[in-house]
Each structure stands twice: as structure tokens, then as C-alpha cells.
Amino acid sequence: MKTYPSVFSFCLCWQGKCADFTADAVCNIGGYTFRADSRTPLDYAQSNGRELIIFGFATDVFTAQRNNIAETILASTSDADGVFDYEKKLGGKYIIFYCENGDLYCLGDATCSVPMFYTVGTDDFICCSNPQFIVKTLGLSSDPMLQKVRNSGPLNQAMPYDVTPYKEMKQLIPNRVLDVSAGKTIRIVNSRTKQKLISPAQAAKITAPMIANITKMYASDYGIYCPLTSGRDSRVVFAFLKNLGIPLNSYTIWKDAFKKDPQDWEVPVSLSEICRSNHEQIHKETVTEDMKAQMDSVLGENGYPQEAFTLAVTVEKHYKGFATLEGDIIGQVGKCSLHRDVPLVLATPSYFRCKLHNYSSESREILRDWLSDIGNSGENVNAFDLFSIENRLGVWASHTHLIRNVMGMSFFNIFNSRSIIYVWTAVNRKERMKSAIHIELIRLTAPELLDVPFEQDKSGLVQIAKSSWPVFYLATFAKYFVQRIAFLKNKQ
């Protein structure tokens, strides 16, 4: 069977325990063996008994430095806390491994866009980009309670917090550092005091240069195709690409719903005409049995959502060798699309379970643990934003990253930096939900793109749900219970 030329593929283990992991780049850090694909950048440095690996694409969002960042971090810091703090200056798609005095730490980027799974409570420590490798290597069996949680929601939705169907395996989520030697994770606190509110214009002015530096990093290494819709997120990405002065290429994946609501294909065409850019409309490809069998052999038969795989196959068919840029972070945080302006007092386990689309009581208790973890840490970034960052971007979006990484696709986000995200969380959610940050960023980079109106909600129910926070809050629960009835009926 054909094998994928995977990217962001790695395995870290103690003294060669992951020898069966397919890799063509091998190095050691603190007595652990690190195996990885050679298609993904790997930056290694050591100094005075300290070692550091950056696996992936990273740039300093303030200075645009890309080369020898591992060496710079070691020269600029003296301990683990300094390394964790320095990471906030970076943007991109990467994982950092750091060792001092025999203690090893693993830290993902701002949204853990390189999925990492690791063992807990086992004799053999492994952390890996592919959860199925850990399951097969250690012969793990799913835990009945955790499997119930997995089965109590659609496969294309996330499990809560950092859990997997296996008691011995967890997923590293954003704002967490894995302390391998201690066998536990440490929460990174982004704001120990209440964030001082800033305006959308201030947030855009602060973050636009950082976003531009991340965009330049990817554009210097790849030809870029930008998925373009009638929405706001992709337009901001398109604006930053246009501002670089590089050839603009975009595409829209056709949906039958466009026949009733043509704005999703009319708006991208209008934007591309303004920019005199190349725009293509493509149709979903059919996933063959051989394709499915190939992915099953890597991630397991029920280890990934089929729709995400179909979209990946479609993009790979048309744009193989190019990078695609998505805008999910600015939608989840910059627009607070998942929660709007619901008051913080209503940030409860039951509410978040609705947003998780999981129908088990156990998932609610796991989310209660997650909220307690935040409360005990001294973190002052609000729980709504943290849910979007940690559960939505860190776990739900990892499905897409995992599939596309396995397929060897170059799939990036130009907003992926703590220095960007936690400026946006300082903007009032009442402003963010109006797309105020989007508008200010476009105004700074490509204001002519504002001449094309944003899409309008055609559904009367959606308009009603968005009319005020009490209606939105009640609609969240109403939608949850309707979907729960349908989900349980389909399982019978």
C-alpha cells in the first residue's frame, strides 16, 4: 500500500523505544530519542548542559528572525520558565522540546497546531504526532468511561479537555507544558491580572506587523493558495497576502447550498476581481476505498472524521505542493464567534458541553475539572476565550491538522502566536462579535477589500439567535437538545 510523505511527524521516547516509528531524521535530547520526518524544519541547539529543539516553522513575530532561533532562546534565557516566556514571542506551527539538568519539557505553539499525544502512568514514555502509533506500540485498550465520552458525540467533534479514549494517553492542549520527568503538565498563565480593555483599532495596530511577519515566513517558502469564502476570516488572510505584493491565488469549494444562497461564491469572485487575482471554484473529490484504507492504516478506522478527510483530499488533488492558509483563529478569538457576549457568570460546564456537542454526563464533569484547573492557576483571560483556544482550536481543529500532516500537506495559520491572540482577548467581546478587529485589520492592509459587503445571515432563526445574548444563550441549549435527540436516534 502507498505510504504518505508525512510532515510534522515525530516521536519522542526513552532510549529507542520508538524504533519502529518511520523517520529519516534522528537526534537525542536529554537521553531521549527524537525521530522525525526530514521534510519539516528541525532546529537544534545546546549550551552549558541545556538543549532545545524547535520542530516546525517558527519566527519571532517582532523581529521576523527565523534562523537559529533555538540558539537565540538558549542565549537569552537561563531556565525553563525563561524558555516558556520567550516562546510567547514566536509565531508559526511548531513544537519545542527543552532539556535542563536531565528534566525534559514539551511545549506546543499557541494553539497546538502540531498535535501531540503522550503517555501517562506507563513504564514506557512516548509522545508522538500520531496517537495510533502509541496505541499499537503499547497495545492500549480503550477505557470504558472515556470510550463512552467518545461515542457520545459525532466523530468530527472534540473530546473535552486533554482526554482521549485511552486512560494511558492524553493530548497536549494549548497553554500546557508537558513536564516529562515529573509526569504531569504545567499550565502557562497568560495574564495574572485582569486584562485592560483596548479598542479594536489598537488591537489591529499592535498585531498587524506580527501577522505580516508570519505571512512573510510562509510566502517565502511556498506558493500560496487562500481558501476564500463570503465570510470575514478568509478576507483578512487574503488582505495580508495582497499586502505582500505576491501573486494572489484563491479558491472556493462548491457546495450545493450555493444554489439557494449565491453570496458564498459571488463574494469571493468580487474580491478576486478587485485584486485582479486568480480565483478557482473547485468541487469535492470522491474518497476512494483505497484512499480510506490508506488513511485507516495510519490513524485507525475510526480515528478521524470523514468530512475533514474529504476536504483534505480535495485540496491536495488541486493544490499539491502549495501551502494553504486558514483563518480559524481570528474567527474563534478575534470574533468570539462561539460565545459572542454571553456574560462570564454563565461560563459553566453545562454551557461548554453544548459547545462541545457531547451528550454524556461524564463530559460535563471533565469540563468541570478543566474550569477548576483554570481557576486554580490564577489565569485572568476569560473562560470563553480559553475554551475557544484550548478545546476548539487545540483539540477540535487538530483533526484537520492531523489528517493534513499525515498526507504531507502544508497547512498553516497566519494568526498563530500568543502575542497576537492575547492582544485580541483584551478587546471587549461586544466589539469583537461585530467583526471590529477584522475590519480594522483589513483597513490597515487592503482597505479596498471593504468595498465588497460581508455576507448576511439569511436564516431568520440565526438572526433571531444573534439578536441578544439571552436569546443566543437559550438558543445554544435548545440547539443542543434538538441535536442530542437526533444523534441518539441515529445511533439506535
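The aromatic rings of Phe10 and Phe97 sit perpendicular, their planes meeting at an angle over 60°, well past the 30° parallel limit. Ring orientation note: the planes of Trp370 and Phe387 are nearly perpendicular, at an angle over 60° on the 30°/60° scale. Phe133 and Phe21 have perpendicular rings, their planes meeting at more than 60° on a 0 to 90° scale where under 30° would count as parallel. Aromatic ring orientation, Phe84 versus Tyr105: perpendicular (interplanar angle above 60°, classes split at 30° and 60°).
Of the N and O atoms on the side chains of Asp264 and Ser230, at least one donor lies less than 3.5 Å from an acceptor on the other residue. For the 3.5 Å distance criterion, the side chains of Asp328 and Asn413 fail to qualify, holding no donor opposite an acceptor.
With a 4.5 Å cut-off on side-chain heavy atoms, Val237 and Glu326 do not count as touching. Here the side chains of Asp369 and Glu365 are not in contact, with every heavy-atom distance at 4.5 Å or above. Contact check for Leu12 versus Ile126: no side-chain heavy atoms found under the 4.5 Å cut-off. Counting heavy atoms from C-beta on, the side chains of Ile96 and Ile53 never come closer than 4.5 Å.
Under the 2.5 Å cut-off for SG-SG separation, Cys18 and Cys13 qualify: their sulfur atoms lie closer than that.
For Asp385 and Arg432, the salt-bridge test passes: some basic side-chain N is under 4.0 Å from an acidic carboxylate O. Remark: Glu87 engages Arg418 in a salt bridge, criterion side-chain N to carboxylate O under 4.0 Å.
Atom NZ of Lys167 has 12 or fewer heavy atoms from other residues, nucleotides or ligands within 6.0 Å. Applying the 6.0 Å contact sphere to CD of Gln306 captures more than 12 heavy atoms from other residues, nucleotides or ligands.
Tyr351 has its ring centre less than 6.0 Å from the ring centre of His339.
In this structure, the separation between OG1 on Thr207 and CD1 on Ile330 is 7.5 Å, given to the nearest 0.5 Å.
Among Val333, Asn190, Val381, the single residue meeting the side chain to side chain contact (heavy atoms under 4.5 Å, CB included) criterion with Ile421 is Val333.
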